[in-house]
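Everything numeric here is computed off the predicted structure, so don't read it as measured data.
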Amino acid sequence: MNRLSFYLRPVAILVFLLLYSLGGGAQVDSSSVDSIPVQPTFSGNTAQYRISEDSLTAPVDYQARDSMEVDLVQQRIHLYGAGQVNYQSISLQADHIVLDYGTNLVTAEAWPDSSGTLVGDPKFSDGGQEFVATNIMYNFKSKKGIVTETVTTQDDVYVRGGKSKFVSGAVQTNDSTRSDVIYTEGAIFTSCSAEHPHFGVRTQKAKVIPNKLAIIGPSNLEIMGVPTPFWLPFGFFPLKSGRSTGLLFPSDYQYSNQWGFGFQGIGWFFPLGEHVNLQVTSDIYLNGTFTINTASSYRKRYKYSGNFDFSYRRLVETSGIPDGYQEFSNQGFSFGWRHRQDPRAHPTFTFGGSINFQTNQTNQRYLNSYEAASTNVIRSAMNITKTFPNLKSTLTAGVSHSQNNQTGAFNVNFPDARFQTQTIYPLRNLPGSQRAWYKKLSLRYVSELRSEFAGTDTTTLEQAIDQAQYGFNHRVTSALSLNVLRYFNVSPNVSYAETYYGKTLEYYLDRSTLKTEDIIDENGNPAVDTTNFATIKSRLNPGLAGFRNFNAGVSVSTQLFGTIQMGGRGLFGLKGLRHVMKPSVSIGYSPSYQDSRDFISGDVPYFIRENIVDPDRGDPNRFVSPFAGQIFGAPSSSDMSFRASYSISNLFEAKVWNRKDSTDNIVKLFQNIGVTGSYDLAADTLNWSPVRISGSTRFFKGLTQVNLRATVDPYVSVYDERTRRVNRVDRTTLSERGVPFQLTNFSGTISTNLTVAKIRELFQGQEEEYVEDIAEERRQLREEENTLFEETDILSLFEKFSIRHTYNYSLDREVALNAEEGARDTLRFNTRANSIELRGALQLTENWSVNIGQIGYDFTSKRITYPYLSFARDLHCWEMRFSWAPQRNTYQFSIAVKPGTFDFLEVPVNQNRYDGRNLFGS
C-alpha cells in the first residue's frame with residue numbers, strides 16, 4: 001500500500017512523482033545515488049512564495065488494496081481493489097478510483113472481479129451523510145459531482161435516483177455544520193430494500209438533503225414497476241434520523257355502514273425535550289363518530305421510564321324506527337399511566353406502578369381484541385416505598401383502584417399508607433450466649449391508614465364523598481421460638497391492635513318493605529297475614545370511634561416420618577413409600593367484646609343484638625356491629641374464646657426404579673393433604689368447629705393439577721323458619737345419624753395445561769423440573785415464545801400452542817326445610833365451571849403464520865368463548881393480515897406496507913362491531 005499527501009502544486013508534484021517512480025521503494029547502490037544530481041538549495045522564508053490558487057486547503061490521502069498505477073502524462077493515479085480517497089471529512093470508496101491531480105477530479109466506479117462480475121460499488125460519505133451509486137465523479141475544488149443511479153438510505157427510506165448532481169456542503173444546517181444536496185431526476189422513494197423496489201413514489205425531479213429532507217415535484221405511486229393513477233402535485237419526505245415533529249399519516253381508510261367514510265390514526269408527533277415523546281392521533285368518520293387518542297412515553301437512562309395514554313371516544317349509531325331514524329351516542333374515555341423506576345436509581349426509595357381507568361366500557365365497545373373484550377375488572381396500583389435502614393422499617397404510600405366493567409362499580413383507596421418494621425430482636429445485644437432463649441424474642445409493629453371511595457361510573461363526586469370510609473389501624477406482635485426436647489418447636493405469641501374509624505354504622509328498621517293483607521282464619525275470623533317483613537338497614541354517620549383487639553397464644557409443632565422399603569427393584573418398580581406428617585397444635589385466647597364500648601367516646605357499643613333493632617323477628621343470639629363492613633373489619637362477636645386449634649399437613653412420596661438408566665426417581669404422590677379445625681374450651685355449646693380438609697396433586701408430569709377441598713361437621717344443621725336461616729345446633733351427627741361427621745361441602749378443581757414441550761417430556765421420560773426462581777422461569781418462557789422453532793417433526797409446528805381445560809365442581813348439602821315431617825338432607829352436585837380453550841401461534845412457512853388469540857368452549861353455558869383468529873403473510877416489504885372475531889361479527893383484512901415511513905399505503909377491508917351488531921338487529 002502506498003500513501004501520498006500533497007497540496008497540488010503542479011511543478012512540485014511532477015518532480016516528486018518522477019523521483020518516486022524511479023526509486024519505487026527498491027534498494028539502490030551508492031554509485032546510483034552519486035549519479036543523482038544535487039537539488040538546488042532554497043533560501044528565504046515561506047512568506048516569499050505564493051500558493052497556487054488551484055491548490056487544495058488540506059491533504060488528500062489515498063490507498064488501494066490490490067495495486068496503484070501512476071500516469072505521469074495524464075496526471076492521474078489509478079487505485080484498484082478496495083480503493084479509498086479521504087479529503088477532510090469526505091471519504092470515497094470503490095474498487096476502481098481515478099484521481100486526476102491536475103484537475104482535482106476524482107472518478108469512482110465498480111470493477112470486474114476474476115469472474116467478470118462488477119463489485120465494489122462507489123460509496124461516498126461526508127460528515128456522516130453517505131450514499132451509494134454505480135458511478136461517481138467529484139471535484140475536490142468545487143465540491144460538486146455527478147452521480148449515476150445513486151442510493152441514499154435514511155432510516156427505513158431508500159432514495160434511488162437516476163442521474164444526479166451532487167453538491168457538498170451546499171446548505172447551512174446550523175452555525176457550524178453544512179449539509180450536502182443531491183439534485184436528481186427519475187428518483188423513486190421507497191422502504192423496500194430490493195434492487196428493483198416492489199413499490200415506491202416515482203418523481204422526475206427531486207432535491208435531497210441527506211439526513212434532513214427530500215422535496216419532490218409531480219409524482220405518482222408505482223407498484224411492481226407499474227405506474228398507478230394516484231398522483232401527487234408535490235411533496236416532501238423528512239429524512240432526519242431520530243426524533244422530530246411531523247405528521248402521522250392515517251393508518252387506515254375505511255367505510256362503515258353505521259359511521260360512513262372515515263380514516264384512522266391521523267395525527268401529529270411531538271418530541272417534548274430530550275426524554276419525552278407525545279403522539280396525538282384521531283379516528284374521524286362522517287356521521288360524527290370520532291376518537292381522540294394521546295400517547296406519551298418518557299425515559300431517563302438509569303432513572304425511570306413510563307408512558308401515559310388517554311382516549312376519548314364518541315360513537316354514534318343509528319337505528320331504524322317507523323318514522324325514520326333515531327341516533328344514539330355512546331361516549332366515554334380511558335386513561336392509563338405506567339411508571340417504572342430503574343433499580344439503580346435509588347437504594348432506599350422506589351416509585352412505580354400503573355393506573356387504569358375507563359368509563360362506559362369504552363375499550364370493550366370499540367376494541368375487538370380478546371384482551372380488551374374479556375377484561376371484566378381493571379385494577380390500578382401506584383406506590384411510593386421508602387426504606388429506613390437505621391430504623392429497620394419501611395413506609396409505603398399510594399393509591400389503588402378496581403373497577404368492574406360489567407356493573408360499573410368501582411373502589412378507590414386513597415390515601416393508602418402502611419408503615420411496618422422488620423422483625424426486631426430487642427434482647428439480642430444483651431450479654432450471654434447467642435443461643436439464650438430470651439434473645440429469640442421478636443417484636444414487630446405495623447400501622448395502616450386507608451380511605452375508601454366506592455360507587456359506580458354514574459356516581460357523583462358528592463355521593464362518593466358521602467359514602468367514603470376512613471380508617472386507621474396499628475398493631476404490635478411479639479413472638480418467641482423455642483426448641484423443646486429437640487423435636488418440638490414451641491412458639492408463644494401475643495398481639496395487640498387498635499382500630500379507628502371516621503364513620504360508624506347506624507342501624508334502623510325499614511318498614512317500607514312491610515306488606516300485609518287481610519285474610520279469614522280457619523274459624524272464620526278476620527286476620528292479618530304478613531307477606532313481606534320489615535328489614536334491618538344501616539347508614540354511615542360521621543364521628544370518630546374505635547375498638548381494641550387482644551390475642552395471646554402458644555403453638556407446638558413437629559415432624560413425623562414414616563417409610564416403607566422394598567428390596568431389589570421393588571414391586572413393579574415401586575421401591576419404597578415415604579410419608580411426612582407435620583402436626584401443629586395451638587391454643588389461643590381472646591376476651592369477649594359483646595359488652596364493650598368505643599373507648600374514645602364510650603357512646604358506641606361494639607355490638608348490638610338484632611332483637612333490639614327488630615323486636616319482632618330479630619335473633620337475640622345474633623349481633624350487628626357499627627364497625628361491620630368497613631376497611632379493617634369489626635371485632636369478633638363471640639364470647640370469650642379459649643380455643644385449641646389443630647392442623648396436620650401430609651406429604652406422600654414414592655421411590656420408583658427407572659429401567660431406562662437404572663436409577664431411582666422420587667415421585668410426589670400427594671404434595672399436600674391438610675386437615676384443620678379447632679375446639680373452643682370456653683364455649684358452652686358447639687365446641688367443635690367444622691373440619692376442613694384440602695389436598696392437591698399433579699399427574700402426567702405436571703400436565704394435570706388436581707385440587708380438592710372438603711368440609712365436614714360433627715354437628716347437625718337445621719332450618720329455622722322464624723329467622724329463615726340454616727343454623728348449627730348442639731346435636732352431634734353421631735347421636736342423630738350414627739356417623740361422626742356429615743359432609744357439608746366437597747369441591748374440586750381439575751386443570752390441564754397441554755403444550756408440545758410437556759408432551760415431549762411425558763413421552764421422552766424427562767424428569768419433572770421444580771421451579772425455584774419464578775422470575776427466571778418467566779424470562780425463559782418469554783424467550784421460548786419469541787423463538788422460531790426449527791421444523792424437525794410435525795409437533796414442532798405447534799411448539800407455541802397450549803390447550804387448557806378447567807373443570808370446577810362442588811357437592812353441597814341442602815338442609816331439609818321441614819325436618820319434623822321426616823324430610824332428609826340432600827347432596828346436590830353442581831358444575832361451577834367446565835371450559836376448554838386453545839391459544840398459540842403457528843408458523844406454517846417462513847412467510848405464513850397463523851395466530852389463535854383465543855378460542856374455546858364453555859360446557860356450562862354451552863357457548864363458544866370469544867374466538868379471535870388471525871393470520872399474516874410476509875410479502876417482503878408488504879404484509880397481508882386478516883383477523884376475525886366471529887362472536888362480535890367483526891373482521892379486518894388488509895394489504896399494507898410494513899410499519900415505517902410508508903405504512904400509510906394500505907388497502908383495508910373491514911367490518912366494525914357496530915356494523916356487525918346491526919346485521920343481527922340487536
Side-chain angles (χ1 to χ4, degrees), residues 559 561-564 571-584 646-656 658 665-677 690-713 741-772 774 777-778 781 801-813 827-840 854 856-862 865:
Q559 293 188 64
F561 300 88
T563 58
I564 299 177
L571 181 62
F572 303 107
L574 180 63
K575 298 187 64 175
L577 295 173
R578 185 189 188 199
H579 176 207
V580 180
M581 184 170 61
K582 300 178 181 180
S584 175
Y646 59 89
S647 67
I648 304 173
S649 62
N650 300 269
L651 172 66
F652 294 91
E653 297 175 325
K655 181 186 292 185
V656 180
N658 190 338
N665 295 334
I666 303 298
V667 179
K668 296 183 182 297
L669 301 178
F670 293 95
Q671 296 183 29
N672 182 30
I673 297 179
V675 180
T676 60
V691 180
R692 293 175 174 81
I693 306 170
S694 62
S696 63
T697 188
R698 295 193 292 182
F699 297 100
F700 311 116
K701 292 189 177 295
L703 288 178
T704 300
Q705 176 83 25
V706 179
N707 296 293
L708 302 175
R709 298 165 297 276
T711 302
V712 295
D713 199 335
F741 302 98
Q742 69 175 6
L743 180 66
T744 301
N745 170 268
F746 177 81
S747 62
T749 301
I750 303 175
S751 59
T752 301
N753 185 11
L754 192 64
T755 63
V756 171
K758 291 185 177 181
I759 292 176
R760 293 184 191 276
E761 291 180 5
L762 180 64
F763 289 98
Q764 294 177 1
Q766 298 181 10
E767 293 188 8
E768 186 176 347
E769 297 182 359
Y770 292 91
V771 179
E772 296 181 357
I774 301 297
E777 173 72 7
R778 290 176 177 172
L781 288 175
F801 270 85
S802 66
I803 301 176
R804 294 182 176 90
H805 175 254
T806 302
Y807 182 62
N808 193 336
Y809 62 90
S810 67
L811 188 65
D812 303 300
R813 175 175 293 276
L827 292 174
R828 182 177 297 276
F829 183 84
N830 299 302
T831 299
R832 304 295 183 186
N834 185 13
S835 62
I836 188 171
E837 65 178 32
L838 172 67
R839 296 185 184 184
Q854 155 76 20
Y857 186 78
D858 191 331
F859 296 95
T860 305
S861 58
K862 298 181 180 179
T865 56

For the student: nearest non-hydrogen atoms of G748 and L708, plus distance: CA-CD2, 4.1 Å
Would the number of heavy atoms belonging to other residues, nucleotides or ligands and lying under 6.0 Å from NZ of K575 be above 12? yes
If you round to the nearest 0.5 Å, how far is OG1 of T744 from CG of L827? 9.5 Å
Between the side chain of N830 and the main-chain N/O of R832, is any donor-acceptor distance below 3.5 Å? no
Decide yes or no on side-chain contact (heavy atoms from CB on, under 4.5 Å) for E837 and I803, but give the supporting numbers first. CA-CA 6 Å; E837 65 178 32; I803 301 176; over 6 Å; no
Steps toward side-chain contact (heavy atoms from CB on, under 4.5 Å) verdict (V712, F746): CA-CA 9 Å; V712 295; F746 177 81; over 6 Å; no
So OG1 of T865 and CG of D858: to nearest 0.5 Å the spacing works out to 6.5 Å
With distance as the sole test, does N745 use its side chain to make a donor-acceptor pair with the main-chain N or O of T711 at under 3.5 Å? no
Side chains of R804 and R839: closer than 4.5 Å at any heavy-atom pair? yes
Can you say whether the rings of Y807 and H805 are parallel (under 30°), tilted (30 to 60°) or perpendicular (over 60°)? parallel
Drop me the distance from H579's NE2 to L669's CG, to the nearest 0.5 angstrom. 11.0 Å
Is S835 reaching over with its side chain to a backbone N or O of Y857, donor-acceptor style, under 3.5 angstrom? no
Can you find a pair of side-chain heavy atoms, one from T676 and one from V691, that are under 4.5 Å apart? no
Please report the C-alpha distance between S747 and R709 in whole Å, then the side-chain angles of each, then the deciding distance to 0.1 Å, and finally whether the side chain to side chain donor-acceptor pair (under 3.5 Å) criterion is met. CA-CA 5 Å; S747 62; R709 298 165 297 276; 3.3 Å; yes
How long is the straight-line distance from CD of Q705 back to CZ of R698, given to the nearest 0.5 Å? 6.0 Å
Please walk me through it: do V706 and T749 pass side-chain contact (heavy atoms from CB on, under 4.5 Å)? CA-CA 6 Å; V706 179; T749 301; over 6 Å; no
CG-CG distance between L743 and L811, expressed to the nearest 0.5 angstrom: 6.0 Å
Looking at D713 and R692, is there a salt bridge between them, counting it only when a charged N and a carboxylate O are closer than 4.0 Å? no
side-chain contact (heavy atoms from CB on, under 4.5 Å) between T697 and F699, worked out: CA-CA 7 Å; T697 188; F699 297 100; 3.6 Å; yes
Spatial distance of atom CG (N672) from atom CG (L651) [nearest 0.5 Å]: 8.0 Å
Is any side-chain heavy atom of Y809 less than 4.5 Å from a side-chain heavy atom of N834? no
salt_bridge(K655, E653) N-O dist < 4.0 Å: no
